[in-house]
Amino acid sequence: MTTWLNMSLQDGASPIMEQLIFFHDHTLMIMLMIITTVMYMMTTLLWNKHTSRFMLEGQLIETTWTIAPAIILVFIAMPSLRLLYLMDEIHNPTMTLKAVGHQWYWSYEYSDFTKLEFDSYMIPQEENQMSTFRLLDTDNRIVLPMNSPIRLVVTAADVLHSWTIPSLGVKTDATPGRLNQTSFSINHPGILYGQCSEICGANHSFMPITIESVSANHFINWISSLSE
């Protein structure tokens, strides 16, 4: 999760989020080069006087500042389109998780298992412990296996919600009467936090999302313990 005074993005917990961070840095470097060039030209114009009564037109510079931005846009568009297709693709998921947004909590259903569903509420402040995060921890965490393609199906029971985990690069709107789906894969164990990213009412900021990423063996043992 993010930390105090953190001005950059959260560390990526999925391959897609790592690619998004790389793309952000790639675009930022291009912007930095453009800003540096423009600032240098403006400074040069301010401190120097270039006058010539023979200069009527500048075909070379006009051609240059038309072609150069087109080339720069290609260098931005190609990785962007690649990422869009990767984020939209669902590669043979090993399991499906269904999330239903309510005012103001989330309900989850493991569709591949029989009657495995639960509600996830934010832990009240008076019940917080030293090991929990205020406004971010829930009473029932989502337990998911790492290094496994997971399909997420999102919907809502009342108003618009948005299921968001920043470190996974996942943000899917929960719309009443509609199923939206996305996919992700967690590449390391740990606890991931998120919140509803849609203004869904008075308690909008009090419906957090907590994912516990575990190994496949631990996940199987967790499923078995719930089935008993």
Side-chain angles (χ1 to χ4, degrees), residues 1-6 8-14 16-17 95-113 115-146 148 150-214 218-219 221-223 225-227:
M1 63 176 292
T2 187
T3 55
W4 293 109
L5 301 178
N6 187 3
S8 59
L9 298 171
Q10 296 184 27
D11 293 336
S14 68
I16 289 296
M17 187 58 191
M95 62 170 294
T96 300
L97 174 69
K98 183 180 180 181
V100 182
H102 302 267
Q103 288 183 317
W104 287 272
Y105 64 95
W106 291 97
S107 296
Y108 298 100
E109 175 186 329
Y110 289 76
S111 304
D112 302 295
F113 305 96
K115 294 183 180 180
L116 182 50
E117 55 187 34
F118 55 84
D119 297 332
S120 182
Y121 292 87
M122 184 190 74
I123 297 179
Q125 295 189 41
E126 58 272 11
E127 297 179 14
N128 275 336
Q129 302 175 358
M130 293 296 293
S131 59
T132 60
F133 289 98
R134 175 179 173 271
L135 304 182
L136 284 178
D137 265 296
T138 57
D139 55 355
N140 290 314
R141 293 174 174 173
I142 311 165
V143 180
L144 295 174
M146 64 179 188
S148 301
I150 297 167
R151 175 171 54 196
L152 175 69
V153 179
V154 183
T155 187
D158 35 47
V159 297
L160 290 174
H161 299 278
S162 186
W163 199 90
T164 307
I165 300 290
S167 57
L168 291 178
V170 175
K171 185 177 187 296
T172 306
D173 289 340
T175 308
R178 178 184 176 90
L179 289 177
N180 292 329
Q181 70 172 3
T182 185
S183 64
F184 59 88
S185 176
I186 309 173
N187 55 16
H188 62 75
I191 300 175
L192 312 175
Y193 295 97
Q195 285 180 309
C196 175
S197 295
E198 190 72 54
I199 301 177
C200 56
N203 293 330
H204 146 73
S205 56
F206 302 106
M207 47 186 302
I209 304 163
T210 309
I211 293 180
E212 186 174 350
S213 173
V214 298
H218 191 287
F219 178 76
N221 294 333
W222 179 76
I223 291 293
S225 65
L226 293 179
S227 302

Would you say that V100 contacts H161 through its side chain, given a criterion of any heavy-atom pair below 4.5 Å between the two side chains?
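V100 vs H161: side chains apart.
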Could you give me the CA-CA distance, side-chain angles and deciding distance for W163 and L152, then say whether side chain to side chain contact (heavy atoms under 4.5 Å, CB included) is met?
CA-CA 10 Å; W163 199 90; L152 175 69; 3.2 Å; yes
So among N180, T172, D173, T175, which one has a side-chain hydrogen bond (donor to acceptor under 3.5 Å, both in side chains) with S162?
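Of the listed options, the one satisfying the test is D173.
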Full working for side chain to side chain contact (heavy atoms under 4.5 Å, CB included) between I150 and M95:
CA-CA 5 Å; I150 297 167; M95 62 170 294; 4.1 Å; yes
Which heavy atom of L192 sits nearest a heavy atom of A13, and at what distance?
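Here L192 and A13 meet closest at CD2-CB, 3.9 Å.
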Which atom names give the shortest non-hydrogen contact between A174 and P176, and what distance separates them?
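Closest approach of A174 to P176: O-CD, 4.1 Å.
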The test is side-chain hydrogen bond (donor to acceptor under 3.5 Å, both in side chains); show your working for T96 and S111 and say whether it passes.
CA-CA 6 Å; T96 300; S111 304; 5.7 Å; no
In Å and rounded to the nearest 0.5 Å, what is the CD to CD1 distance from E212 to I186?
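Here the rounded value is 10.5 Å.
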In Å and rounded to the nearest 0.5 Å, what is the CD1 to OG distance from I165 to S197?
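If we round to the nearest 0.5 Å, I165:CD1 and S197:OG are 9.0 Å apart.
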Can you check side chain to side chain contact (heavy atoms under 4.5 Å, CB included) on L144 and F184, steps first, answer last?
CA-CA 11 Å; L144 295 174; F184 59 88; 3.8 Å; yes
Parallel, tilted or perpendicular: which fits the ring planes of Y110 and F118, with parallel below 30° and perpendicular above 60°?
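Tilted.
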Does S225 reach the main-chain N or O of I223 with its side chain, forming a donor-acceptor pair under 3.5 Å?
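A pair under 3.5 Å: no.
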Polar side-chain atom of D158 near backbone of Q103 as donor-acceptor pair, under 3.5 Å
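The answer is yes, because a donor-acceptor pair under 3.5 Å joins these two groups.
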Does S107 form a side-chain hydrogen bond (donor to acceptor under 3.5 Å, both in side chains) with D119? I'd like the steps, not just the answer.
CA-CA 4 Å; S107 296; D119 297 332; 2.6 Å; yes
Should T155 and K98 be marked as a side chain to side chain contact (heavy atoms under 4.5 Å, CB included) after you check the CA-CA gap, both sets of side-chain angles, and the distance that decides it?
CA-CA 8 Å; T155 187; K98 183 180 180 181; 4.1 Å; yes
Residues 199-211, side-chain donor-acceptor partners within the protein, below 3.5 Å, at least two apart:
from	atom 1	to	atom 2	distance (Å)
H204	ND1	E198	O	2.4
T210	OG1	L136	O	3.0
T210	OG1	T138	OG1	3.3

Report the residue from W106, Y108, Y105 that forms a ring pair (Phe, Tyr, Trp, His ring centres under 6.0 Å) with Y121.
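Result: among W106, Y108, Y105, Y105 is the only option passing the ring pair (Phe, Tyr, Trp, His ring centres under 6.0 Å) with Y121.
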